[in-house]
Amino acid sequence: MKLAAPLPRSFYERNTVVVARKLLGKLLVKRSDDGVIIGKIVEDEAYGGRDDPASHAYRGETPRNKVMFGKPGLSYIYFVYGNHYCINATTEREGVPGAILIRAVEIVDGLQLARKNRPAKSVVELANGPGKLTKALGITKVHNELDLTTSTGLFICKPERDASFEVIASKRIGIKAGSEKPWRFYMEGNKFVSRYGAKRDTP
DNA sequence: GAGAAGATCTCCT
DNA sequence: GGAGATCTTCTCA
């Protein structure tokens, strides 16, 4: 599959909510010795800084979340619930915390390898959740703080053809504080969007 | 150092 | 629909 160059750092160096909307439809590329897996981003969530109680950066900088305060366009990967990794892309200018949680992708290449990483009943269930997609793509904490703007093991690029789609905004999922913010974005009618979240939509 | 919480998923009822 | 799994990180004493 022919791939475009990674998105430049200037793409990420903007308001987190703006970048979250723009990130939909882009391709998340994971390269390893086993091969390449490419997922189209169909759902994500924006997380801010001091003004967002749901964000890891709300209480200030810690060793864990320091990536969010660093350069835009880096990967921020953390472990939750003793079971799952979640992948974020950092945003805003250096020193301003912000990140976008990638919640679901549609696997467009490397399907066989993704299924090997995470056996699932159907292609739809392979990566329709934050924990699911990291498992399917083989992403762990070793991929934390990687530069997503260079063609390394992990990066994000534009698709070959820009498809048009409607972006739906809704409340974020799985959080208590700050859940009223409509900072979750997904492609309208896309079946790869995480299911139980889609049910909670109240536009 | 101990205890609690957590941006989830899967299995069981 | 509910609860357990399982471990990292943070807060507080």
Side-chain angles (χ1 to χ4, degrees), chain A residues 12 15-17 19-21 23-24 28 39 41-70 72 74-92 96-107 114-146 148 154 156 168-186 191-202:
Chain A
Y12 302 95
N15 178 274
T16 307
V17 175
V19 183
R21 282 179 173 272
L23 210 54
L24 291 179
L28 176 64
I41 299 168
V42 300
E43 180 184 356
D44 60 23
E45 284 179 2
Y47 285 89
R50 292 279 188 189
D51 57 342
D52 182 6
S55 171
H56 286 177
Y58 180 62
R59 292 168 190 274
E61 189 175 338
T62 66
R64 180 204 204 185
N65 66 20
K66 69 176 168 68
V67 188
M68 286 181 77
F69 290 77
L74 300 181
S75 62
Y76 170 41
I77 290 156
Y78 62 88
F79 195 65
V80 281
Y81 298 116
N83 278 317
H84 310 287
Y85 291 103
C86 292
I87 178 170
N88 296 248
T90 62
T91 58
E92 306 278 358
V96 180
I100 295 161
L101 169 69
I102 300 172
R103 286 194 56 89
V105 301
E106 172 186 348
I107 305 287
R115 281 194 131 151
K116 193 177 136 195
N117 289 337
R118 185 179 182 279
K121 287 177 201 162
S122 67
V123 182
V124 174
E125 287 177 42
L126 200 53
N128 63 340
K132 292 180 184 180
L133 83 89
T134 50
K135 183 108 190 264
L137 269 66
I139 294 168
T140 67
K141 64 181 177 184
V142 303
H143 300 99
N144 188 36
E145 216 173 342
L146 292 183
L148 299 173
L154 190 66
I156 298 172
I168 307 290
S170 74
K171 293 178 180 180
R172 291 176 293 183
I173 291 170
I175 55 174
K176 290 168 189 167
S179 60
E180 74 288 348
K181 289 184 195 292
W183 284 3
R184 170 178 174 248
F185 303 100
Y186 62 93
K191 61 183 177 179
F192 293 87
V193 167
S194 64
R195 209 166 7 109
Y196 85 94
K199 277 184 189 171
R200 290 194 204 174
D201 291 338
T202 47

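Lettering follows sequence order; numbering is per chain, from 1.
- Listed nucleotides dT9(C), dC9(B), dA7(B) differ in distance to Arg64(A); the shortest reach to its side chain belongs to dT9(C).
- Put simply, OH on Tyr78(A) is 12 Å from P on dG6(B), counting in whole angstrom units.
- Between dT8(B) and Arg103(A), a contact under 4.0 Å exists linking OP1 or OP2 to a side-chain N or O.
- Ranking dA5(C), dC9(B), dA7(B) by closeness to the His56(A) side chain, first place goes to dA7(B).
- Distance from the side chain of Pro63(A) is smallest to dC10(C) among dA7(B), dC10(C), dC9(B).
- Candidate nucleotides dT8(C), dT8(B), dT10(B) were compared by shortest atom distance to the side chain of Phe79(A), and dT8(C) ranks first.
- Side chain to side chain, Tyr76(A) and His56(A) meet the donor-acceptor criterion of an N or O pair below 3.5 Å.
- For Pro130(A), counting side-chain heavy atoms from C-beta on, the closest listed nucleotide (dT11(C), dC9(B), dA5(C)) is dC9(B).
- Tyr47(A) qualifies as a stacking partner of the dA7(B) base, centre to centre under 5.5 Å and near-parallel within 30°.
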Pair pattern of DNA chain B in dot-bracket, where unpaired bases get dots and | marks partners in another strand, Watson-Crick or G-U under 3.5 angstrom
||||||.|||||.
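- The number of heavy atoms from other shown groups lying within 6.0 Å of CZ (Phe79(A)) is above 12.
- For dA5(C), the base has no donor-acceptor partner in the side chain of Tyr81(A) [N/O atoms by modelled type, under 3.5 angstrom].
- Nucleic acid contact for Gly131(A): sugar-phosphate only, since backbone atoms but no base atoms lie under 4.0 Å from a heavy atom of the residue.
- Taking both residues in full, the closest heavy atoms of Val193(A) and Val42(A) are given as CG2-O, 3.8 Å, listed atom of the first, atom of the second, then distance.
- Comparing dT6(C), dC10(C), dA7(B) by their closest approach to the side chain of Asn88(A) singles out dA7(B).
- Contact annotation: the side chain of Val80(A) approaches that of Cys86(A) to within less than 4.5 Å [non-hydrogen atoms, C-beta and beyond].
- The side-chain heavy atoms of Leu28(A) and Ile156(A), taken from C-beta on, include a pair separated by under 4.5 Å.
- Regarding contacts with the backbone of dT8(C), every side-chain N or O of Lys141(A) stays at 4.0 angstrom or more from both OP1 and OP2.
- In the set dA5(C), dA7(B), dT11(C), dT11(C) carries the atom at the smallest distance from any side-chain atom of Arg59(A).
- Here the side chains of Val17(A) and Phe185(A) are in contact, with some heavy-atom distance below 4.5 Å.
- Both Ala99(A) and Arg118(A) lie close to DNA chain B; mapped to their nearest nucleotides by heavy-atom distance, the more 5′-ward contact belongs to Ala99(A).
- With dT11(C), dT10(B), dG6(B) as the choices, the nucleotide that has an atom nearest any side-chain atom of Lys176(A) turns out to be dG6(B).
- Ranking dC10(C), dA7(B), dC9(B) by closeness to the Lys132(A) side chain, first place goes to dC9(B).
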Quick one, Glu43(A) with Arg184(A), criterion salt bridge (charged side-chain N to carboxylate O under 4.0 Å, His left out). Give me CA distance, side-chain angles, the key distance, then yes/no.
CA-CA 7 Å; Glu43(A) 180 184 356; Arg184(A) 170 178 174 248; 2.7 Å; yes
